[in-house]
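Here's the structure we're looking at; comments come further down.
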Protein chains: 2
Amino acid sequence: MKPITLKDIAHELNISVTTVSKALKGYSDVSRVTKKAVKKMAKKLNYTPNSVAVNLRTQETKTIGVIIPAIVHHFFSNVIDGIIKEAKKQGYLVITLQSNEKLEFEKKQLKLLQQHRVDGILISLSNETYQFDHINAILQKNIPLVMFDKIGKLVNCSKILIDDKQAAYEAVSYLIDKGYKKIAHFRGALKPQNSIDRFLGYKKALQDNGIEYDQSLVYICDNNDDFNNGYKYAKKMFEQHKNVDAVFTVTDVVAYGILKYCNENNIKIPDDIAIFGFSNWFMSSIVTPKISSVIQPSFEMGKKATKLLIKEIKNKKSKTPVTFKKVVLPTSLAIREST
Amino acid sequence: MKPITLKDIAHELNISVTTVSKALKGYSDVSRVTKKAVKKMAKKLNYTPNSVAVNLRTQETKTIGVIIPAIVHHFFSNVIDGIIKEAKKQGYLVITLQSNEKLEFEKKQLKLLQQHRVDGILISLSNETYQFDHINAILQKNIPLVMFDKIGKLVNCSKILIDDKQAAYEAVSYLIDKGYKKIAHFRGALKPQNSIDRFLGYKKALQDNGIEYDQSLVYICDNNDDFNNGYKYAKKMFEQHKNVDAVFTVTDVVAYGILKYCNENNIKIPDDIAIFGFSNWFMSSIVTPKISSVIQPSFEMGKKATKLLIKEIKNKKSKTPVTFKKVVLPTSLAIREST
DNA sequence: TTGTAAGCGTTATCAC
DNA sequence: GTGATAACGCTTACAA
């Protein structure tokens, strides 16, 4: 019932464990005959190498750890998909952990990954994380770590992200070019960098186009119920402002809330009001009307982050000096019926 | 730069590794003074236990492996969420792997998990899996394995699932009770058990209510583009049948396709046609009109499956004889505007 | 071409 | 209360 070991094979063939090990790995200093016999026996006994022992010996686990705020999320599940696929391609396994947007959990998970001696870590910070001792501790121990999407600007490590400000700028500029003049913004919470940057992009686009920034046109969706926030603030907005002709939202789900309100109140999209979302959720091309949105390369981000991380792992192994990279992935606009 | 080990602590304090190990684990046969000193030093040196070494020694990795068809999927990402949360609660880490609906991948991933000596495995089968040698091989090696959702009826292990047939039966019965008489079914591919069972539930509900089963009212959505399948077959259905008054779909995404077609062609829901979906995707309560759907307990399923698995792991360790369980999780109906 | 022996970092047994 | 020693399963100098 116990798993077969090299020792079992060696014993069976009356040779040494060393030879069995070498034979199985195709070393050139083992005779053809022996190799063949070993492989045959391994197959016969249904031998499965014990990675744990290998890991201890070789000091690497061929495993990477990932910490994200939540896996039930359009963007993150796509990132994870990219991570798992790239990792698999390069022979790594992926341990996924969630911070649930809590700094405290993030710290614990980081410790766990360390204990398990993952070869490297990918992390997207929680919304609570504005202090980076726990991250820096990892970095100081020379454990490869790459941040993606929600990064800490002050941390000295490789990062991969999009330019939220620029992406928002492009979306809002598009609206302006289309002739929309009074553009509201349903932004995210006040602290997260993504939320701030998208807001700044919105503001800058207005200013660069000679449209005065009006604070009363900015609504803050700061609890986690984006859909209902969209609905609620749409109502409020239409009560407060008669002539808003477009809305740019921090994420598509907020836009769905607005959409619902408009449908219920016979407000025509895009004739009465245009809607531009962010993150290009699956549903945005399915709802009626289809919602324009900023395309955020989620799968790509996972893939690239993993590539970067594994490169750093290999560099560390070969003692190549580290150079941290900051990769900004391009975004684009999906223009649909709502604008 | 190398991680601190027990040896380092022992050396620092001039005591033995054994004592350090015991002290750190709070064994009663170490003096208070020594314990205190050891813990202090461990903290000072920022000691992190090496799980790999522990794993090798204790023959358990405190890790479970999960194989699912795809992670970018409403149902599965919720299951994974449940798995990760429950595993974490019990001190286990989760390695996630995807089969991409390919039997070949499923086999490979299973082998990988074995090599890494995970303590147990959770699996939801690929649509291609109708032969179970790879699963049985794991079971024969006495590695705890629990199947969920897409299970193999013939495999002798614990399973956790919903009663697809019964759930479909209830949904269609609801439609019939509401007065709908000509009910179409947009089913899934021919081979997957879920798809078959939902179809059978549909058929049985008709028969039990004295409605004749009409094969021409069943449309098969057998490629992976559910949304467009829904749209395409909606068109076809309205061309072929004048008086269909309801549709039951194998999954909500198909229903969204129908919804789109109806919206475009001014077909009123539920007045002209009622729509009942399956799986209760997030969007079903957001689209207009809101779509009725079968609630499948995804998060719960992940949690329960993990609990079951860890129990089996513990039973194995304590040599308690195994008894396989089959857990059928209750479903319910979310009745909304579309019916 | 094959084998011996050391060691990866722990824990468990047993002696002191 | 403490520590020497073996062992978990494997890899790798080095020796034969």
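Keep in mind the model is a prediction, meaning the values are calculated, not measured. Throughout, a chain's letter reflects where its sequence line sits, starting with A, and its residues are numbered from 1.
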Pick the closest DNA chain D nucleotide for B:A53 and for B:R32 by heavy atoms, then say which residue is nearer the 5' end. B:R32
Assign each of A:S51 and B:D29 the nucleotide of DNA chain D bearing its closest heavy atom; nearer the 5' end lies the nucleotide of B:D29
From C-beta outward on [X], which listed nucleotide comes closest to its side chain: [options]?
X: A:L6; options: D:dG1, C:dT11, D:dC10; result: D:dC10
X: B:K7; options: C:dT10, C:dA12, C:dC8; result: C:dC8
X: B:T19; options: D:dG3, C:dT4, C:dT1; result: D:dG3
X: B:T18; options: C:dT11, D:dT2, D:dT5; result: D:dT5

Mind calculating the distance between [atom1] ([X]) and [atom2] ([N]) to the nearest angstrom?
X: B:K35; N: D:dG1; atom1: NZ; atom2: C1'; value: 11 Å
X: B:H11; N: C:dG9; atom1: NE2; atom2: C1'; value: 16 Å
X: A:L56; N: D:dT12; atom1: CG; atom2: C1'; value: 14 Å
X: A:N14; N: C:dT1; atom1: CG; atom2: C1'; value: 17 Å
X: B:I9; N: D:dG3; atom1: CD1; atom2: C1'; value: 17 Å
X: A:K36; N: C:dT1; atom1: NZ; atom2: C1'; value: 18 Å
X: A:L45; N: D:dG9; atom1: CG; atom2: C1'; value: 16 Å
X: B:K22; N: D:dT5; atom1: NZ; atom2: C1'; value: 12 Å

Ion pair present between B:D119 and B:K62, side-chain N to carboxylate O less than 4.0 angstrom? no
If only side-chain N and O atoms of [X] are considered, is one of them under 4.0 Å from the OP1 or OP2 phosphate oxygen of [N]?
X: A:Y27; N: D:dT12; answer: yes
X: A:Y47; N: D:dC10; answer: yes
X: A:T5; N: D:dG9; answer: no
X: B:Q59; N: D:dA7; answer: no

To the nearest 0.5 angstrom, please state how far the [atom1] atom of [X] sits from the [atom2] atom of [Y].
X: A:K39; Y: A:Y47; atom1: NZ; atom2: OH; value: 13.5 Å
X: A:L122; Y: A:I83; atom1: CG; atom2: CD1; value: 5.0 Å
X: A:M301; Y: A:L308; atom1: CE; atom2: CG; value: 11.5 Å

Once hydrogens and angles are ignored, does a donor-acceptor distance under 3.5 Å link the base of D:dA7 to the side chain of B:R57? yes
Could you tell me whether A:V17 contacts a base, only the sugar-phosphate backbone, or nothing, with contacts defined as non-hydrogen atoms closer than 4.0 Å? base
Pick one: which of A:K317, A:R117, A:K314 meets salt bridge (charged side-chain N to carboxylate O under 4.0 Å, His left out) with A:E60? A:K317
Is it true that the side chains of B:Q98 and A:D81 contain a donor and an acceptor less than 3.5 Å apart? yes
Pick the closest DNA chain C nucleotide for B:K25 and for A:S31 by heavy atoms, then say which residue is nearer the 5' end. A:S31
